[in-house]
Amino acid sequence: MFILSIETSCDETALSIIETDGTLPSVTFRVLADNTLSQIAVHKEYGGVFPMLAKREHARSLVPLFIKTLQDAGFYKKTSRHVIESPLRKDFRDILDHEPELFAQFITEIPHVDRPPFDAIAVTRGPGLEPALWVGLNFAKALSLIWKIPVIPVNHMEGHLLSPLLTRIAPETSSREKKRNEREDVRYKFAPATFPLLGLLVSGGHTELVLMHDWGAYEVIGETRDDAVGEAFDKVARMLGLPYPGGPEISRLGETGTPGKFALPRPMLQSSDHDFSFAGLKTAVLYLIKKIGLLAETQKADIAREFEEACIEVLIAKTVRAAEVTGAKTIVLGGGVSANKRLRKMLAEAVAEKLPGISLYIPDHALSTDNALMIAVGGALRYSSGTTDIADIRADGNWRLE
Ligand code: KG4
Ligand code: ZN
């Protein structure tokens with residue numbers, strides 16, 4: 001089965017095409033194309049993501065990126081059947097009503113493209129920035145209309161939860177051929193997950209502990225009461241004069257700093273629930289910076305390191321406790337903040353020491369931050385439960401995992 005996936009929930013425009021083979025849990029995913037276009041350069045000068053700017057960039061990028069993705073997969077063929085009858089043209093205009101630039105590109109390019117062999121289009125419906133989500137959704141709907149392909153709405157957090165389980169399958173080719181074929185032979189399978197599985201999901205918009213009882217069956221057992229941890233990294237980075245996105249910047253600067261030089265709180269470390277809170281920690285950094293006044297470079301590094309340490313300590317302690325309480329047999333770490341080197345290392349150490357016998361899965365760097373592959377995989381999982389009429393698919397910025 002061929003799946004096209006579309007991800008536009010935040011500041012990455014991402015598209016992928018996969019071919020699935022087999023059924024759960026031994027399904028494999030061959031990656032035919034996987035493209036991510038980052039908007040970081042656009043948002044950097046404003047120090048954060050602006051939803052309407054993100055929407056505009058997605059609308060500009062989708063058609064050219066889609067053509068490239070088809071080409072990568074070997075699915076790009078021109079067709080002579082390019083007449084769109086006026087009722088259908090009106091449907092496209094209605095769907096792409098709020099995206100005139102996307103509509104113009106769509107109507108110029110897509111009718112000239114031969115229908116690719118997609119069985120489904122998986123698209124992020126939420127959570128995320130609604131104006132940005134709508135662009136991806138409407139693009140999926142327009143493609144669905146022209147080529148009669150069903151659309152599968154996917155939860156972005158399900159993507160982050162599944163991506164740590166994706167394990168590369170070594171190509172079955174000789175080493176000489178290997179290099180040449182590497183691109184064509186990127187295949188993944190799921191790691192042998194045993195349930196209940198506990199996911200620590202840490203991104204720019206979310207910080208959650210999710211219990212996965214089975215494939216597709218989720219229960220959010222804890223979440224942040226205010227800021228997400230990635231958001232706190234980004235805001236603290238701004239206070240320290242570092243560029244957006246702040247996570248990697250704090251991490252890099254913190255490497256030269258000393259933890260404990262400044263004392264920052266560990267919010268909700270002792271609370272008996274599985275919730276988090278990072279707004280107070282962020283404010284504590286603000287007061288500390290105000291108190292010091294002019295910051296020396298070494299002080300910035302010490303603050304960055306202590307802040308990172310405080311976040312990691314809370315995330316890990318609460319994950320370990322949640323695993324003990326729920327009897328989790330597998331732990332996964334997902335979301336953009338899972339790219340953090342210290343978090344990866346410290347969590348691995350904590351699981352080995354405190355939770356013997358429990359397997360931990362952490363995504364490759366490219367699968368940590370937003371990507372379309374995780375949405376394709378989420379779509380593959382959801383395909384069997386039926387597809388939804390495109391008229392009923394609406395973006396939901398706060399869509400919860402269930
Ligand atoms: O999952 P993601 O790519 O997008 C959302 O769904 O939000 O996560 C982005 C977040 C940003 O807040 C970014 O600062 C953070 O992930 N991030 C990091 C690191 N790399 C990305 N945070 C800490 N350390 C990193 N190395
Ligand atoms: Zn994300």
Side-chain angles (χ1 to χ4, degrees), residues 5-14 36-40 43-44 47-51 54 58 124-130 132-133 136 154-164 199-208 210 223-224 227-240 242-255 257 276 278 281-282 304-305 307-316 332-347 362-375 377-378 397-401:
S5 70
I6 303 169
E7 154 63 42
T8 64
S9 68
C10 190
D11 60 348
E12 322 270 3
T13 314
T36 306
L37 198 75
S38 170
Q39 302 177 357
I40 286 178
H43 297 291
K44 216 170 196 146
V49 181
F50 277 80
H58 290 308
T124 308
R125 179 170 91 80
L129 308 169
E130 270 184 21
L133 288 163
V154 176
N155 188 302
H156 183 84
M157 300 316 287
E158 181 172 24
H160 278 312
L161 189 61
L162 295 173
S163 44
L200 171 63
L201 302 185
V202 280
S203 72
H206 291 80
T207 305
E208 294 177 341
V210 180
E223 64 198 310
T224 182
D227 289 2
V229 65
E231 188 182 352
F233 266 86
D234 295 336
K235 286 178 177 165
V236 166
R238 229 157 108 174
M239 294 174 199
L240 293 172
L242 301 168
Y244 175 83
E249 298 288 335
I250 293 265
S251 205
R252 208 169 301 130
L253 181 65
E255 275 173 25
F276 301 94
F278 293 98
L281 176 58
K282 176 195 71 187
R305 180 62 193 274
F307 167 76
E308 184 180 47
E309 211 65 24
C311 293
I312 292 176
E313 213 178 298
V314 176
L315 290 171
I316 292 179
V332 303
L333 172 67
V337 183
S338 72
N340 185 282
K341 277 193 228 147
R342 271 196 75 72
L343 174 61
R344 297 164 82 96
K345 180 170 174 281
M346 305 285 286
L347 182 61
I362 298 177
D364 287 348
H365 192 277
L367 290 174
S368 285
T369 47
D370 288 352
N371 64 88
L373 190 56
M374 67 184 198
I375 303 305
V377 169
N398 299 312
W399 193 20
R400 286 174 68 81
L401 266 183

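Just follow the structure's listing: the first ligand is 1, and inside any ligand the first atom is 1.
Proximity of a side-chain donor or acceptor of His160 to a complementary backbone N or O of Asp370 within less than 3.5 Å is not detected. Under a 3.5 Å cut-off, the side chain of Ser251 and the backbone N or O of Gly247 do not form any donor-acceptor pair.
Atom OD1 is the N/O/S atom of Asp370 found closest to the Zn ion (ligand 2).
Considering backbone and side-chain N/O atoms, Asp234 comes within less than 3.5 Å of an N/O atom of ligand 1. Not one N or O of Cys10 is nearer than 3.5 Å to an N or O of ligand 1, by distance alone.
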What do the steps show when you test Ile250 against Leu240 for side chain to side chain contact (heavy atoms under 4.5 Å, CB included), and what is the final call? CA-CA 9 Å; Ile250 293 265; Leu240 293 172; 4.1 Å; yes
Report the C-alpha separation of Phe233 and Phe307 in whole Å, then their side-chain angles, then the decisive distance to 0.1 Å, and conclude whether the ring-ring contact (aromatic ring centres under 6.0 Å, His included) test is met. CA-CA 8 Å; Phe233 266 86; Phe307 167 76; 5.1 Å; yes
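The atoms of ligand 1 that sit less than 4.0 Å from any heavy atom of Thr369 are 3 (O). When each atom of ligand 1 is checked for a heavy atom of Asn340 under 4.0 Å away, the hits are 23 (C), 24 (N), 25 (C), 26 (N). Close approach of ligand 1 to Gly230 is summarised as follows: ligand atoms under 4.0 Å from at least one heavy atom of the residue are 12 (O). Atoms of ligand 1 found under 4.0 Å from any heavy atom of Ala339 (numbered from 1 in listed order, with element): 20 (N), 26 (N).
Among the atoms of His156, an N, O or S atom falls under 2.8 Å of the Zn ion (ligand 2). The nearest N, O or S atom of His160 is closer to the Zn ion (ligand 2) than 2.8 Å.
Here the shortest heavy-atom pairing between Asn371 and Ala14 reads C-CB, 4.1 Å. The nearest pair of heavy atoms linking Gly254 to Arg305 is O-CD, 3.2 Å. The minimum heavy-atom distance linking His206 with Pro127 is given by the pair CE1-CG, 3.3 Å.
Note that the CG atom of Leu201 and the CG atom of Leu161 stand 5.0 Å from one another [nearest 0.5 Å].
When the heavy atoms of Pro127, Ser163, Gly247, Gly48 are ranked by distance to atom 22 (N) of ligand 1, first place goes to Gly247. Taking all heavy atoms of Thr36, Val337, Val202 into account, the minimum distance to atom 15 (C) of ligand 1 is reached by Val337.
Counting non-hydrogen atoms of neighbouring residues, nucleotides and ligands closer than 6.0 angstrom, the CZ atom of Arg344 exceeds 12 such neighbours.
Closest to atom 7 (O) of ligand 1 among all protein heavy atoms lies Gly204 N, 2.8 Å. Distance from atom 21 (C) of ligand 1 to its nearest protein heavy atom, with residue and atom name: Gly336 O, 3.4 Å. Protein heavy atom at the shortest distance from atom 2 (P) of ligand 1 is Asp370 OD1, 3.2 Å.
Between Glu255 and Arg342 there is no salt bridge, since no side-chain N of the basic residue sits under 4.0 Å from a carboxylate O of the acidic one.
In this structure, His160 has a heavy atom closer than 4.0 Å to ligand 1. Heavy atoms of His156 come nearer than 4.0 angstrom to ligand 1 in at least one pair. In this structure, Gly205 has a heavy atom closer than 4.0 Å to ligand 1.
His156 and Glu7 form a side-chain donor-acceptor contact under 3.5 Å, judged by distance and modelled atom types alone.
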